[in-house]
Number of protein chains: 2
Amino acid sequence: MVILMNYSKQRELILNTLKENVVHPTAEYLYGKIKEKDPKISLATLYRNLNQLSDNGIIKKIDGLEPSSHFDHNTHEHYHFICEKCKRVFDISADIAPDLIKKTENSTGFEIQSHDIVFTGICKECKSKQ
Amino acid sequence: MVILMNYSKQRELILNTLKENVVHPTAEYLYGKIKEKDPKISLATLYRNLNQLSDNGIIKKIDGLEPSSHFDHNTHEHYHFICEKCKRVFDISADIAPDLIKKTENSTGFEIQSHDIVFTGICKECKSKQ
DNA sequence: ATATAAAATGAGAATTATTATCATTTATGG
DNA sequence: CCATAAATGATAATAATTCTCATTTTATAT
């Protein structure tokens with residue numbers, strides 16, 4: 001039997017800190033938060049763990065906010081909205097696109113393993129401030 | 001009156017080369033192709049133009065294939081599928097998710113300016129080779 | 001318990017995609 | 001043809017992420 005991940009204090013801390021955050025933080029932001037609790041933790045450890053956790057489907061990497069990736073502890077099917085003004089990332093319910101996988105697999109013959117939808121625009125709050 | 005973009009030989013070459021490519025190339029791949037025709041062209045010129053063209057909606061930047069962005073000359077509404085095996089990027093018809101914008105704007109109150117769907121999985125060809 | 005092997009860490013160097021700088025060249029509109 | 005704005009080429013700079021490697025921690029079998 002193959003062991004995928006051994007326990008580590010650092011990984012637990014990283015995952016817990018990510019879960020506490022309503023926002024979808026970058027590695028850099030997370031690093032700041034994590035160092036408050038473990039000032040000796042290395043940036044390499046953070047990146048290593050974020051990659052492992054997302055490779056194993058425990059967290060999700062969000063692209064589309066270059067130059068840095070954002071991370072999401074919510075693995076329930078849902079999508080993202082990035083506000084161009086305040087740069088915050090909002091969750092969007094998966095209800096907006098029912099049967100997306102099935103439809104796409106049927107029309108292409110491809111096997112779909114994962115998918116993400118990223119919307120950009122102006123959020124409600126920023127729109128009312130204009 | 002504000003001029004957005006002046007003509008340049010280099011930009012024309014970049015856009016034409018992108019249009020010739022069925023694949024959705026990275027800047028690096030494009031640079032190779034473009035240098036065959038204009039060996040003196042600078043990498044900075046390529047990046048500058050790719051950014052300008054995508055800022056003006058003439059081409060599209062595709063995220064989700066880190067560490068480098070890919071570029072797409074097709075600006076008709078469509079989505080992308082990335083094969084995990086062969087790493088090719090395929091176009092997916094927008095028919096799979098009708099009224100996506102309208103539904104999302106209605107349920108969130110956000111103003112949506114753009115959106116992209118990226119699927120990952122195994123393409124038909126790679127699946128049959130397994 | 002203890003030994004052993006596999007996995008994880010910390011620190012910092014290395015990598016690499018992309019952007020910035022700046023002097024020179026090219027395009028545009030009167 | 002002139003003035004101005006925009007674009008280029010060459011290269012330096014930036015910054016996010018990965019790699020290296022010696023040391024420490026974790027899991028497992030005896």
[X] side chain N/O closer than 4.0 Å to the phosphate oxygens (OP1, OP2) of [N]?
| X | N | value |
| --- | --- | --- |
| B/Asn49 | D/dA7 | no |
| B/Gln10 | D/dG9 | yes |
| A/Gln52 | C/dA7 | no |
| B/Ser68 | C/dA17 | no |
| A/Thr45 | C/dG10 | yes |
| A/Tyr47 | D/dT17 | yes |
| A/Arg11 | C/dA8 | yes |
| B/Lys40 | D/dA10 | yes |
| A/Ser8 | C/dT9 | yes |

Length of the line joining [X]:[atom1] and [N]:[atom2], which is rounded to integer Å:
| X | N | atom1 | atom2 | result |
| --- | --- | --- | --- | --- |
| B/Leu13 | D/dT8 | CG | C1' | 13 Å |
| A/Tyr7 | C/dT9 | OH | P | 10 Å |
| A/Asn6 | D/dT24 | CG | C1' | 13 Å |
| A/Asp38 | D/dT25 | CG | P | 12 Å |
| A/Leu30 | D/dA16 | CG | C1' | 15 Å |
| B/Ile41 | C/dT25 | CD1 | P | 18 Å |
| A/Ile14 | C/dG10 | CD1 | C1' | 12 Å |
| A/Ile62 | D/dA16 | CD1 | C1' | 17 Å |

Determine which pairs satisfy ring pair (Phe, Tyr, Trp, His ring centres under 6.0 Å) with at least one residue from residues 6-51 of chain A, sequence neighbours left out, and list them in order.
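Every ring pair (Phe, Tyr, Trp, His ring centres under 6.0 Å) pair that includes a residue of residues 6-51 of chain A, provided the two are not neighbours, is A/His24-A/His80.
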
Distance flag, aromatic centroids of B/Tyr79 and B/His115, threshold under 6.0 Å
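Here the rings of B/Tyr79 and B/His115 have centres that are less than 6.0 Å from each other.
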
I want to know whether B/Phe119 and A/Phe110 have ring centres closer than 6.0 Å.
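No; A/Phe110 has its ring centre 6.0 Å or more from that of B/Phe119.
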
B/Lys37/B/Glu20 salt bridge by N-O under 4.0 Å criterion
yes

Please tell me if the side chains of A/Asn49 and A/Leu15 come closer than 4.5 Å, counting only heavy atoms from C-beta onward.
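A side-chain contact is absent here, since even the closest heavy-atom pair is not under 4.5 Å.
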
Earlier contact from the 5' end, DNA chain C, for B/Pro67 and B/Arg48
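Its nearest nucleotide lies further toward 5', so the answer is B/Pro67.
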
Taking any heavy-atom pair under 4.0 Å as a contact, classify A/Ser69: base, sugar-phosphate, or nothing.
sugar-phosphate

